[in-house]
K.L.:
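One structure follows; several queries about it will come next.
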Amino acid sequence: MTPNQLSEAIVAALRALVAAGSLELEVPSEVVVERPKNREHGDWATNVAMQLGAKAGLKPRDFAELLASELQKSAGIEKVEIAGPGFINLFVSDSAAGELAREIVTAGASFGRGVEYQGLKINLEFVSANPTGPIHLGGTRWAAVGDSLARVFEFVGAEVTREYYFNDHGAQIDRFARSLLAAAKNEPAPEDGYSGAYIQEIAARVLAETAEEILSLPDDQAQEKFRAAGVELMFQQIRESLHEFGVDFDVYFHENSLYESKAVERSIERLREMGHIFEEDGAIWLRSTAFGDDRDRVIIKSDGDAAYIAGDIAYYQDKRSRGFDRCIYMLGADHHGYVPRMMALCAAFGDKPGENMEILIGQMVNLVRGGEPVRMSKRAGTVVTMEDLVDVVGVDAARYALARSSINSSLDVDLEQLTKKTNDNPVFYVQYAHARTKQVAKNAVSLGVDDSEFDPALLSHEAEAELLANLSEFPRVVAQAAQFREPHRIARYIEVVAGSYHRWYDNCRVTPLGGQEVESVHRTRLWLNNAASIVLGNGLALLGVSAPERM
RNA sequence: GGCUUCGUAGCUCAGUGGAUAGAGCAACGGUUUCCUAAACCGUGUGUCGUAGGUUCGAUUCCUAUCGAGGCCA
């Protein structure tokens, strides 16, 4: 019995009451079924009587009485109680609750899958860090969260393209190229340029891997060589880091290609036809105020250079032309101010902001040392890259730590703490629970406990009821994680499952004690053990974290 | 000044229009002849930043305000 099934049973009971004429009501398609905090309040509880009582012209408790007597007839519901202002507390029979273990094992890796986003084509753009340096902690957070979100979307039926936008056009790239040139010539970095060991390395590699004597060229030509080769090397390094982090993008999109293909001109032309472009002071503008922006935006400056938004316009149009229903952008809080103009350009194309284009803003990652915030600065050598983090804590712990908090909160990362007390990390708690399920199953086989028998009524221990109830929530948690774009819900959920599994393990043996015979209860428990294994494994997979067989 | 995120236990953070608000860490104590002790059990702390409002019911929604971070001017 899952909460969804109970919700269906309640809806069916309401329909029956309406059909019988004892209730006048528009029956909703689903109702809230929750696990009460206090177990005396039943295995599950619903607040429908308080939600719908007034609509049906009844006092909540009277409504509850009526519904309760109808629910008594449902199979699997053992007892119905009415409490407080009109809560309906449901008690489920052990066999109906235990049946879930078989459902989960049968579904296997598919357990928890949904169809909510069936047929939806989603373009999920995340990280998109400039190729002027390695990926920092902030970008690493988006890599972990974004990839997990993509997995969640896929799990509920969506077709997801993971996309990375390389800003390889514009002033920042010019500064990067000048910095490489300066490094190659052993000159100090330009005032507004980039420094750091990676600049030296890349400059050295460009020199080593290029046949020509770049440094004997005039500066502007040499700088162009460094730009082309340096950006390419930076691309490679970023892709490699991401790959080692377990994140592989389907599309690495180069901003520069939008200019080379004249896509920028074409999209401006398109907007001009739609009447949203004007010229003033020698510049080309988008009339974004017509779509809720607080001022109009320059697309092409009076000197002929494109403003940053020019690429965004062409890029969005490109994504839509590739057939994506939803283009989701994950941006850092420092880009918050761009949201209105992005939404305006979406609307200018005649699309629906918030639907065809959706922007998720995530808060920053702070570096903390010994409880004190450390400002990340290249000069002070306190920049932490994705590679640094992985070196210190490993991919699993890094991804888990970054993906288990809401992106609405800024996140403090304390490297010393992560180094020193690796066991504090909840990822080990969850992984350990998973490894335990595997070892228990292995031992069961060698001791003659098999899955030839399944009698759900035997799963009657308190710890089994708790574990089953938690397992039953997985599909709903996945659906919510997708709906709210919050993959951290998966992490918090599997921590709860791991806890209830550990408690169950302590109380209920799958293999009999030495000398005792294998009984039905042992075989049945093997099903529950394997069900827990599946839910933990599926949850970890959605986070992109490995589910070890042993630890 | 405008926009925005956050404010919950000593620390790091979950959560929710419902019944007695949670977890991990940290502190103290306990559990192992037998499936993984990276586990389990027990002990305690909260004006859910503050003030109003909506509601049968608000920590959750709305408004104002204070504080912290971010972007913009």
Side-chain angles (χ1 to χ4, degrees), chain A residues 32 34-42 45-51 53-54 59-61 83-89 138 293-295 331-341 359-366 368 370-371 373 375 401 404-414 417-418 420-447 449 463 477 480 484 486 488-489 491-493 495-496 498-516 518 522 525-526 529 548-551:
Chain A
V32 177
E34 284 178 323
R35 184 88 174 156
K37 285 161 197 148
N38 187 337
R39 288 307 311 287
E40 285 169 19
H41 295 150
T46 178
N47 61 359
V48 274
M50 289 173 288
Q51 299 288 339
K59 288 181 192 160
R61 284 202 67 113
F87 290 103
I88 300 177
N89 297 333
D293 198 1
D294 55 357
R295 39 177 278 216
L331 303 177
D334 53 340
H335 286 76
H336 160 262
Y338 292 110
V339 174
R341 75 194 73 163
I359 298 180
L360 307 178
I361 297 295
Q363 301 301 309
M364 311 302 247
V365 179
N366 304 308
V368 173
R375 204 158 177 86
R404 81 183 281 267
S405 324
S406 161
I407 58 165
N408 285 338
S409 299
S410 59
L411 187 65
D412 291 340
V413 170
D414 190 328
Q417 194 183 7
L418 285 173
K420 203 160 49 183
K421 307 184 194 169
T422 322
N423 290 354
D424 284 359
N425 197 314
V427 72
F428 290 102
Y429 185 72
V430 176
Q431 287 184 316
Y432 184 69
H434 180 267
R436 236 183 190 178
T437 63
K438 291 298 183 189
Q439 293 307 306
V440 166
K442 203 171 144 191
N443 289 328
V445 169
S446 64
L447 290 169
V449 179
V477 171
Q480 285 180 337
F484 300 123
E486 292 184 342
H488 76 273
R489 287 169 181 266
R492 301 297 175 149
Y493 166 74
E495 287 168 27
V496 171
S500 57
Y501 176 77
H502 284 312
R503 277 186 289 281
W504 173 74
Y505 171 90
D506 261 29
N507 285 289
C508 303
R509 293 187 58 92
V510 171
T511 55
L513 285 173
Q516 291 180 8
V518 175
H522 300 117
R525 281 178 181 162
L526 180 58
N529 177 78
E549 302 265 320
R550 59 184 314 140
M551 290 175 74

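Convention: sequence-line order gives letters A, B, ...; per-chain numbering from 1.
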K.L.:
May I ask you to say what Gly514(A) touches in the nucleic acid, namely base, sugar-phosphate or nothing, with a heavy-atom cut-off under 4.0 Å?
P.N.:
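If one applies the 4.0 Å heavy-atom cut-off, Gly514(A) turns out to touch a base.
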
K.L.:
Between Asn47(A) (CG) and A19(B) (P), how many Å, whole number?
P.N.:
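Distance, rounded to whole Å: 11 Å.
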
K.L.:
Quick check: any donor-acceptor pair below 3.5 Å linking the side-chain of Asn89(A) to the base of A19(B)?
P.N.:
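A donor-acceptor contact between them is present.
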
K.L.:
Of the listed nucleotides (A19(B), C40(B), C13(B)), which one gets closest to any side-chain atom of Ala83(A)?
P.N.:
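Of A19(B), C40(B), C13(B), A19(B) is nearest to the side chain of Ala83(A).
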
K.L.:
Quote, to the nearest angstrom, the P distance that separates C6(B) from C62(B).
P.N.:
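C6(B) and C62(B) have their P atoms separated by 11 Å.
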
K.L.:
Mind checking if Asp412(A) touches a base, just sugar-phosphate, or nothing, with heavy atoms under 4.0 Å?
P.N.:
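It contacts sugar-phosphate atoms only.
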
K.L.:
Tell me if a side-chain donor or acceptor on Arg492(A) pairs with a main-chain N or O of Arg404(A) at a distance below 3.5 Å.
P.N.:
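Looks like yes, one N/O pair under 3.5 Å.
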
K.L.:
With rounding to the closest Å, how many angstrom separate the P atoms on G49(B) and G7(B)?
P.N.:
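That atom pair is separated by 7 Å.
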
K.L.:
Side chain of Arg503(A), heavy atoms from C-beta onward: which of A19(B), C13(B), C40(B) has the nearest atom to it?
P.N.:
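The nucleotide sitting nearest to the side chain is C40(B).
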
K.L.:
When you look for runs of 3 or more Watson-Crick or G-U pairs in a row, both distances below 3.5 Å, which of them include RNA chain B?
P.N.:
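So far as stems of 3 or more pairs are concerned, RNA chain B shows B:1-7 with B:66-72, B:10-13 with B:22-25, B:27-31 with B:39-43, B:49-53 with B:61-65.
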
K.L.:
Could you give the distance separating U4(B) and G42(B) at their C1' atoms, to the nearest angstrom?
P.N.:
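Nearest-Å result for G42(B) against U4(B) at atom C1': 45 Å.
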
K.L.:
Within the structure shown, what part of the strands sits under 4.0 Å from Ala441(A) by heavy-atom distance: base, sugar-phosphate, or nothing?
P.N.:
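If one applies the 4.0 Å heavy-atom cut-off, Ala441(A) turns out to touch nothing in the nucleic acid.
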
K.L.:
Which residue lies toward the 5' end of RNA chain B, Cys508(A) or Gln51(A), if each is placed at its nearest nucleotide?
P.N.:
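Result of the comparison: Gln51(A).
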
K.L.:
Can you name the nearest heavy-atom pair linking Ile88(A) to Ala49(A), along with the distance?
P.N.:
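Shortest heavy-atom separation between Ile88(A) and Ala49(A) comes out as CD1-CB, 4.3 Å.
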
K.L.:
Using the side chain to side chain donor-acceptor pair (under 3.5 Å) criterion, which residues pair with Glu486(A)? Sequence neighbours excluded.
P.N.:
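Listed in chain order: Arg489(A).
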
K.L.:
What is the distance, rounded to the nearest whole Å, between atom CG of Asp506(A) and atom P of A38(B)?
P.N.:
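Computing the Asp506(A):CG to A38(B):P distance gives 12 Å.
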
K.L.:
Within the structure shown, what part of the strands sits under 4.0 Å from Met364(A) by heavy-atom distance: base, sugar-phosphate, or nothing?
P.N.:
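Nothing, no nucleic acid heavy atom in range.
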
K.L.:
Grab the OH-C1' distance between Tyr338(A) and C71(B) for me, whole Å please.
P.N.:
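To the nearest whole Å, that distance equals 9 Å.
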
K.L.:
Look only at the side chain of Arg525(A) and the backbone of Arg509(A), and say whether a donor-acceptor pair between them is shorter than 3.5 Å.
P.N.:
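A pair under 3.5 Å: yes.
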
K.L.:
Taking atom C1' in both A26(B) and U33(B), compute the distance separating them and give it to the nearest angstrom.
P.N.:
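The same atom, C1', in both gives a distance of 34 Å.
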
K.L.:
Rounding to an integer number of angstrom, what distance separates G29(B) and A68(B) when you compare their P atoms?
P.N.:
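Here G29(B) and A68(B) have their P atoms 41 Å from each other.
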
K.L.:
Once you round it to whole Å, what is the distance between P of C25(B) and CZ of Phe428(A)?
P.N.:
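Computing the Phe428(A):CZ to C25(B):P distance gives 14 Å.
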
K.L.:
Does Arg436(A) make a cation-pi contact with Tyr505(A), if we ask for NZ or CZ under 6.0 Å from the ring centre and within 45° of the axis?
P.N.:
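Relative to the ring axis of Tyr505(A), which defines the angle, Arg436(A) lies inside both limits.
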
K.L.:
Using the side-chain heavy atoms of Arg489(A), tell me which of these nucleotides is nearest: G15(B), A39(B), U36(B).
P.N.:
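Nearest to the side-chain atoms of Arg489(A), counting from C-beta on, is G15(B).
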
K.L.:
Name the nucleic acid region contacted by Gln480(A), choosing base, sugar-phosphate or nothing; use a 4.0 angstrom heavy-atom cut-off, strictly under.
P.N.:
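It contacts nothing in the nucleic acid.
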
K.L.:
Would you tell me if any nitrogen or oxygen in the side chain of Tyr505(A) comes within less than 4.0 Å of OP1 or OP2 on A37(B)?
P.N.:
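Tyr505(A) to A37(B) OP1/OP2: side-chain N or O found under 4.0 Å.
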
K.L.:
Please give, in whole Å, the distance from G70(B) P to Ile359(A) CD1?
P.N.:
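Rounded to the whole Å, the gap is 21 Å.
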
K.L.:
Taking the same atom, C1', in G53(B) and in A58(B), what whole-Å distance lies between them?
P.N.:
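Nearest-Å result for G53(B) against A58(B) at atom C1': 11 Å.
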
K.L.:
Return the value, rounded to whole Å, for the distance between atom CD of Glu495(A) and atom C1' of G15(B).
P.N.:
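Result: 13 Å.
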
K.L.:
If you round to the nearest 0.5 Å, how far is CE of Met50(A) from NZ of Lys59(A)?
P.N.:
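If we round to the nearest 0.5 Å, Lys59(A):NZ and Met50(A):CE are 16.0 Å apart.
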
K.L.:
Taking only residues two or more places apart in sequence, or in another chain, which ones meet His502(A) in a ring-ring contact (aromatic ring centres under 6.0 Å, His included)?
P.N.:
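Counting only residues at least two positions away or on another chain, His502(A) forms a ring-ring contact (aromatic ring centres under 6.0 Å, His included) with Tyr429(A), Tyr432(A).
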
K.L.:
Show the nearest heavy-atom pair for residues Leu526(A) and Ala441(A), with the distance to one decimal.
P.N.:
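Shortest heavy-atom separation between Leu526(A) and Ala441(A) comes out as CD1-CA, 4.1 Å.
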
K.L.:
For the P atoms, the ones on U59(B) and on A19(B), what distance do you get once it is rounded to whole angstrom?
P.N.:
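Rounded to whole Å, the distance is 11 Å.
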
K.L.:
Taking atom C1' of C34(B) as reference, at what distance in whole Å does atom CD of Gln439(A) sit?
P.N.:
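After rounding, the gap between these two atoms is 16 Å.
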
K.L.:
Please compare Pro36(A) and Arg550(A) by the position of their nearest nucleotide in RNA chain B and report the one closer to 5'.
P.N.:
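Its nearest nucleotide lies further toward 5', so the answer is Pro36(A).
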
K.L.:
Could you tell me which residues satisfy salt bridge (charged side-chain N to carboxylate O under 4.0 Å, His left out) with Asp412(A), sequence neighbours excluded, listed by chain and number?
P.N.:
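Expected list: none.
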
K.L.:
Arg404(A) near the nucleic acid: base, sugar-phosphate alone, or nothing, with a heavy-atom cut-off under 4.0 Å?
P.N.:
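The answer is nothing, as Arg404(A) stays clear of every strand by at least 4.0 Å.
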
K.L.:
Please work out if His335(A) contacts a base, only the sugar-phosphate, or nothing of the nucleic acid, heavy-atom cut-off 4.0 Å.
P.N.:
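If one applies the 4.0 Å heavy-atom cut-off, His335(A) turns out to touch nothing in the nucleic acid.
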
K.L.:
What distance, rounded to whole Å, do you find between the two P atoms, one in U12(B) and one in U8(B)?
P.N.:
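These two P atoms come out 9 Å apart once rounded.
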
K.L.:
Could you run down the sub-3.5 Å N/O contacts of the protein with nucleotides 3-8 of chain B?
P.N.:
residue : atom : partner   : partner atom : Å
U4(B)   : O4'  : His336(A) : NE2          : 3.0
U5(B)   : O4'  : Gln363(A) : NE2          : 3.4
U5(B)   : O2'  : Asn408(A) : O            : 2.1

K.L.:
Starting from P on A37(B), measure out to NE2 on His502(A) and report it in whole angstrom.
P.N.:
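Whole-Å distance recorded here is 10 Å.
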
K.L.:
For U36(B), does the base pair up with any side-chain atom of Tyr432(A) as donor and acceptor (N or O, under 3.5 Å, distance only)?
P.N.:
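Such a pair exists between side chain and base.
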
K.L.:
Test of understanding: with side-chain contact (heavy atoms from CB on, under 4.5 Å), list the residues that count as partners of Gln439(A), not counting sequence neighbours.
P.N.:
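Once residues adjacent in sequence are excluded, the partners of Gln439(A) under the side-chain contact (heavy atoms from CB on, under 4.5 Å) criterion are Lys442(A), Arg550(A).
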
K.L.:
So, does Thr46(A) use its side chain to make a donor-acceptor pair with the main chain of Val32(A) at under 3.5 Å?
P.N.:
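It does hold such a pair.
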
K.L.:
Measure from the side-chain heavy atoms of Asp334(A) and tell me the nearest of C71(B), A39(B), A19(B).
P.N.:
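In terms of side-chain proximity for Asp334(A), the closest of C71(B), A39(B), A19(B) is C71(B).
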
K.L.:
Touch check for Ala444(A), heavy atoms < 4.0 angstrom, all strands: base, sugar-phosphate only, or nothing?
P.N.:
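Result for Ala444(A) = nothing.
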
K.L.:
Give a yes or no on whether the backbone of Thr437(A) and the side-chain of Asn529(A) come within a donor-acceptor separation of less than 3.5 Å.
P.N.:
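Checking the backbone N and O of Thr437(A) against the side chain of Asn529(A), a donor-acceptor pair under 3.5 Å is found.
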
